[in-house]
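In what follows, chains carry the letters A, B, and so on, assigned in the order in which the sequence lines appear, proteins first and then strands, with residues in each chain numbered from 1. When reading the values below, keep in mind they use all heavy atoms of this one structure, side chains included, and skip hydrogens, waters and symmetry mates. Nothing here was measured: the structure is a model prediction, and the numbers come from that model.
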Protein chains: 2
Amino acid sequence: MEPDRWLGLDLRHLIALKTIADTGSFGRAADRLGYTQSAISQQIAALERVVGLKLIDRPGGPRPISLTEAGQILLRHAEAIEARLHAAKADMEALSAGEAGRLRVGTFQSAGARILPVLLRRFSEAHPQVEISLQESSDEDDLLEMVERGELDVTFNTLPVSSGPFETVELLSDPYVLVVPAGSPLAAATRAPSLKEITLQPLIGFSRCRAMDAVESQLTSSGRAPNIVFRSDNNGTVQGLVGAGVGVSVAPLLTVEADDPSVVVVDLAGRIAPRVIGLAWHRDRHRSPAADAFVETAIAVCSELSAASAAA
Amino acid sequence: MEPDRWLGLDLRHLIALKTIADTGSFGRAADRLGYTQSAISQQIAALERVVGLKLIDRPGGPRPISLTEAGQILLRHAEAIEARLHAAKADMEALSAGEAGRLRVGTFQSAGARILPVLLRRFSEAHPQVEISLQESSDEDDLLEMVERGELDVTFNTLPVSSGPFETVELLSDPYVLVVPAGSPLAAATRAPSLKEITLQPLIGFSRCRAMDAVESQLTSSGRAPNIVFRSDNNGTVQGLVGAGVGVSVAPLLTVEADDPSVVVVDLAGRIAPRVIGLAWHRDRHRSPAADAFVETAIAVCSELSAASAAA
DNA sequence: AGCCAACGATCAGGTTCCATGATCGAAGCC
DNA sequence: GGCTTCGATCATGGAACCTGATCGTTGGCT
């Protein structure tokens, strides 16, 4: 049996290829990786011998290098192998931490505000030895990238998630409502405002994210782009500006403080598709018993939250 | 920036882990890989230092070794990384072959008999420089494994395919029919026989495969297991035995030689779900222009076959 | 044309790690 | 106790990675 030279391939050579592609030069890749340019040159030469193809065009002199087609194709594989290695590393670290280990959870504000308090209390009662660490971002795709790099074990996200090595479970549907200042003509209306009517108002929006883009896309399909006058990451800020009369807001129901007398919440009667909140984790990773339990608890909590809001 | 010791991980060490798991001992893994037992011992020790966990329990003396939980989890990652490397290797080899290269296609008999002649003629007229190499198997999952290992570029298969890193496209629906001996009472019946009636007959079956299992499962759901008296890989054999009066056969329409006067083809009126034939390829692999063209041509050919059989 | 800068390739040599072959330690069996 | 089976460890040679110096190519400027 002849040894397969591919098995002798050095993972560091794949990382060198990736860093060259990223930085655009052998020298800058060497700086970033803490090698000399000579080492990088030799690594790529070794990789080319394994692969049997030229991976990088070197025109000579000060002209910039470029990846060949083979180089570009191999780069995709290199990135996937690196990601898989991150997943393996994350699994080993989680196992090292053991049953009393940490569960690293990603969250964004509106999911955090309503689901997490109940969920964390319920979960911690059942698993007091498990430490939860939370990472918040206003960008769901940021959280997914962290899951992919093994930096988070599980994250809240809006579904469907961006494509990638993820598995998800749906937790709840969160309908969009129109938040208007108390005393606004829209507050007294007896029917849901049309999308076009909403676009005629100054709009207080949330920071750009996949869910927000979907809302704005739906508003735009009414024939007029929404007039966003302000964006914030912060639920309270958005609602405060509405109450102060600066504008109205299309907001997920979960983000709205219902007791606030300065605003009125107007049902949109399904004119905007509801936001679906779920949990996502890395498809390739081993699921620890703690992660399993966290997901199960989240499903139960949100089922109760949904039932409670259907009864109200 | 501290170098990540995971990047120094040697792929051969992952393969050692996999082979130990497979063979159940360091010594046999060494034999299989062409190393000494000492090398294997040191490879696993090095891997355990990288990972930070014990991967294999060595009870000592002649007692068998076993993988720890960490070992089992890492094994899954090792297998995925190896598969990805195979995909990369296959892509590089395909690129080496260039535009005039080979396209390795997997097929099974019934797809082969009816689709391939037209398809190959059409494709070769349009791409005379591309050499097609065919690999036939009666087991669709066998073909999928070869796609996964990079040994095939694309394969015919019944959909949906087994889970794995595949992408598929649907080509056509192939209804199951009952093939009975000419002169059989079932040949003269004016309505489609029930599944139970079919299970009362001696049945000539095809070799076990996912599609065949699905048929047998549907027959069994009528309350009685099918009475399989003979199995064959070969369409002609099956039909010959039916014509000789040995039994009847539930066969995909595409496999049936319609001109044979010794048998009668009975429509089953949808009592058995039709077999869906498609093409599958490796999700992680680069798709060559030749592979793209082959898929497009297959779609066109099968669209015409379906239209022709709807008109007949 | 000569000089300089930017860039990657190659060389010589030191260090690290992989693999072999021999030996040791553990455990079961007769 | 002796033998067998099995993996660990040791000593050593060879291969490959990495550094630092030098070489070759190219473009731009004077």
A.B. asks: Taking CG from B:Leu47 and P from C:dC17, how many angstroms apart are they, rounded to a whole number?
C.D. replies: 15 Å
A.B. asks: When you get a sec, tell me which of C:dA27, C:dG21, D:dT19 is the closest nucleotide to the side chain of A:Ala39?
C.D. replies: D:dT19
A.B. asks: Using a strict 4.0 Å threshold on nitrogen-to-oxygen distance, state whether B:Asp91 and A:Arg76 make a salt bridge.
C.D. replies: no
A.B. asks: Could you tell me how far apart B:Leu67 (CG) and D:dG7 (C1') are, to the nearest whole angstrom?
C.D. replies: 15 Å
A.B. asks: Closest approach to the side chain of A:Ala46, judged atom by atom: which nucleotide of D:dC17, D:dG20, C:dG28 is it?
C.D. replies: D:dC17
A.B. asks: For C:dT20, does the base pair up with any side-chain atom of B:Gln42 as donor and acceptor (N or O, under 3.5 Å, distance only)?
C.D. replies: yes
A.B. asks: Just to be sure I understand the rule, does B:Gly34 reach a base, reach only the sugar-phosphate, or reach nothing, if contact means heavy atoms closer than 4.0 Å?
C.D. replies: sugar-phosphate
A.B. asks: The side chain of A:Pro62 lies closest to which of these nucleotides: C:dG8, C:dA19, D:dG27?
C.D. replies: D:dG27
A.B. asks: In plain terms, say whether A:Asp153 and A:Arg102 are close enough for a salt bridge, that is, a side-chain N and a carboxylate O under 4.0 Å apart.
C.D. replies: no
A.B. asks: Nearest heavy atom decides the nucleotide; on that basis, is B:Pro59 or B:Gly8 closer to the 5' end of DNA chain C?
C.D. replies: B:Gly8
A.B. asks: Output yes when at least one side-chain N/O atom of A:His13 is less than 4.0 Å from OP1 or OP2 of D:dC17, else no.
C.D. replies: yes
A.B. asks: So, is B:Arg12 close to the C:dC18 phosphate, meaning a side-chain N or O under 4.0 Å from OP1 or OP2?
C.D. replies: no
A.B. asks: Starting at atom CG of B:Leu7, determine the distance to atom P of C:dT16, rounded to an integer number of angstrom.
C.D. replies: 19 Å
A.B. asks: Can you tell me the distance, in whole Å, between the CD1 atom of B:Ile40 and the C1' atom of D:dT5?
C.D. replies: 18 Å
A.B. asks: Could you check whether B:Gly61 gets within reach of a base, just the sugar-phosphate, or nothing at all, counting any heavy atom under 4.0 Å?
C.D. replies: base
A.B. asks: Is there a donor-acceptor pair closer than 3.5 Å between any side-chain N or O of A:Arg210 and the backbone N or O of A:Thr158?
C.D. replies: yes
A.B. asks: How many Å lie between CG on B:Asp57 and P on D:dG7, as a whole number?
C.D. replies: 13 Å
A.B. asks: Is there a donor-acceptor contact under 3.5 Å from the side chain of A:Ser41 to the main chain of A:Gln37?
C.D. replies: no
A.B. asks: Need to verify one output field. Residue with the more 5' nearest nucleotide on DNA chain C, B:Ser38 or B:Arg49?
C.D. replies: B:Arg49
A.B. asks: Give a yes or no on whether a donor-acceptor pair under 3.5 Å exists between the nucleobase atoms of C:dT10, that is its base, and the side chain of A:Ser41.
C.D. replies: no
A.B. asks: Tell me: CD1 of B:Ile15 to P of C:dC18, nearest whole Å?
C.D. replies: 15 Å
A.B. asks: Under the 3.5 Å rule, do the base of C:dG21 and the side chain of B:Thr36 count as making a donor-acceptor pair?
C.D. replies: no
A.B. asks: Any sub-3.5 Å donor-acceptor pair from B:Asp57's side-chain atoms to B:Ser66's backbone N or O?
C.D. replies: no
A.B. asks: Could you state the CD-C1' distance from A:Gln37 to D:dG24, rounded to the nearest angstrom?
C.D. replies: 12 Å
A.B. asks: Rounding to a whole Å, what distance do you find between A:Arg63:CZ and D:dG28:C1'?
C.D. replies: 14 Å
